[in-house]
Amino acid sequence: MNQTSLALIVTVAIAVALPLIILGLSAVLGPQKSGANKLEPYESGVTSPVGTARERFSVKFYLVAILFIVFDVEAVFLFPWAVNFRELGLFGLVEMFVFIGVLFAGFVYVLRKGALKWD
C-alpha cells in the first residue's frame with residue numbers, strides 16, 4: 001500500500017467518523033426535553049400552521065428559483081476564466097465578452113417576458 005492510497009483511506013475514515021462522532025455526542029450531551037410544544041410544527045415564527053400543506057404555489061416561485069440557479073451557475077464559469085486570464089489572452093477576453101453578452105441577452109429576455117414580476 002503506497003502513501004497515496006493510505007492518505008485516501010485516512011481521509012475517507014475521518015470523513016465518515018467525524019459526523020458520526022458529532023451526532024453521537026449531540027444525542028448524548030444535548031437536551032432531552034420533550035413536550036407538546038416541541039411536537040408542534042413551527043413555520044417562520046408562527047407556532048400554529050397557516051393553511052394546509054397541500055396548498056399550491058404559483059409557478060413564479062419555481063421560475064425565479066430556476067432563474068437563480070441558471071444565473072448562479074453561469075457566474076461560476078467566471079472564476080476559472082479569471083484564474084487563467086493571462087494565459088487565455090485576447091481570445092479569452094473576447095470569448096468572455098461573448099459569454100457575458102449571451103447571459104445579458106437572456107436576462108433581458110427574462111425581464112421582458114415579465115418572469116420576475118410578482119403581480
Enquirer: Quick one: pull up CD1 in I100 and CD in E95 and give me the separation to the nearest 0.5 Å.
Expert: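 Taking CD1 in I100 and CD in E95, the distance rounds to 12.0 Å.
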
Enquirer: Do F79 and F68 sit in one hydrophobic cluster, given that two such residues count as connected whenever their side-chain heavy atoms are within less than 4.5 Å of each other, even indirectly?
Expert: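 Different hydrophobic clusters.
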
Enquirer: Provide the closest heavy-atom pair for P80 versus F77 in the form atom of the first, atom of the second, distance.
Expert: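 Between these two residues, the closest heavy atoms are CD-O, 3.5 Å.
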
Enquirer: Hydrophobic cluster membership, with links at side-chain heavy-atom distances under 4.5 Å among I/L/V/M/F/W/Y: are L93 and V83 in one?
Expert: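 As far as the 4.5 Å side-chain criterion goes, V83 and L93 are not connected within one cluster.
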
Enquirer: Would you compute the distance between atom CZ of F71 and atom CZ of F104 and round it to the nearest 0.5 angstrom?
Expert: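 Going from CZ on F71 over to CZ on F104, the span is 10.0 Å.
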
Enquirer: Assess whether atom CD of Q3 is packed by more than 12 heavy atoms of other residues, nucleotides or ligands within 6.0 Å.
Expert: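 No, CD of Q3 has 12 or fewer neighbouring heavy atoms, counting only those of other groups under 6.0 Å.
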
Enquirer: Under the criterion side chain to side chain contact (heavy atoms under 4.5 Å, CB included), which of I14, V12, L8 is the partner of V10?
Expert: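 That would be I14; it is the only one of I14, V12, L8 passing the side chain to side chain contact (heavy atoms under 4.5 Å, CB included) with V10.
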
Enquirer: Do you know which two heavy atoms are closest between A7 and T11, and how far apart they sit?
Expert: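 Nearest heavy atoms, A7 then T11: O-OG1, 2.8 Å.
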
Enquirer: Hey, any chance I66 and I69 share a hydrophobic cluster, counting ILVMFWY side chains that come within less than 4.5 Å of each other, even indirectly?
Expert: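 No; I69 is not reachable from I66 via cluster members.
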
Enquirer: Say you draw a straight line from CG of L18 to CG of L23; how long is it, rounded to the nearest 0.5 Å?
Expert: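 Answer for the CG-CG pair, L18 versus L23, is 9.5 Å.
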
Enquirer: Between M96 and L78, is a side chain to side chain contact (heavy atoms under 4.5 Å, CB included) present by the stated rule, with each step listed?
Expert: CA-CA 8 Å; M96 189 48 65; L78 293 173; 3.3 Å; yes

Enquirer: Rounded to the nearest 0.5 Å, what separation is found between the CG atom of D72 and the CD atom of E74?
Expert: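 With rounding to 0.5 Å, CG (D72) is 10.0 Å from CD (E74).
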
Enquirer: Check the angle between the aromatic planes of F85 and W81 and answer parallel, tilted or perpendicular using the 30° and 60° thresholds.
Expert: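 Ring orientation, 0 to 90° scale: perpendicular.
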
Enquirer: Does Q32 use its side chain to pair, donor to acceptor, with the backbone of A27 at less than 3.5 Å?
Expert: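 Yes, Q32 side chain to A27 backbone: donor-acceptor pair under 3.5 Å.
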
Enquirer: According to a 4.5 Å side-chain heavy-atom criterion applied to Ile, Leu, Val, Met, Phe, Trp and Tyr, with indirect links allowed, do F107 and L63 form part of one hydrophobic cluster?
Expert: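 Both belong to a single hydrophobic cluster.
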
Enquirer: Give the intermediate values and the outcome of side chain to side chain contact (heavy atoms under 4.5 Å, CB included) for residues L6 and N2.
Expert: CA-CA 6 Å; L6 181 63; N2 58 14; over 6 Å; no

Enquirer: Should L103 and V98 be regarded as members of a common hydrophobic cluster, given that ILVMFWY residues are connected when their side-chain heavy atoms come within less than 4.5 Å of each other, either directly or indirectly?
Expert: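 Different hydrophobic clusters.
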
Enquirer: Check the pair V110, L67 against side chain to side chain contact (heavy atoms under 4.5 Å, CB included), reporting the backbone distance first and the verdict last.
Expert: CA-CA 9 Å; V110 164; L67 288 173; 3.4 Å; yes

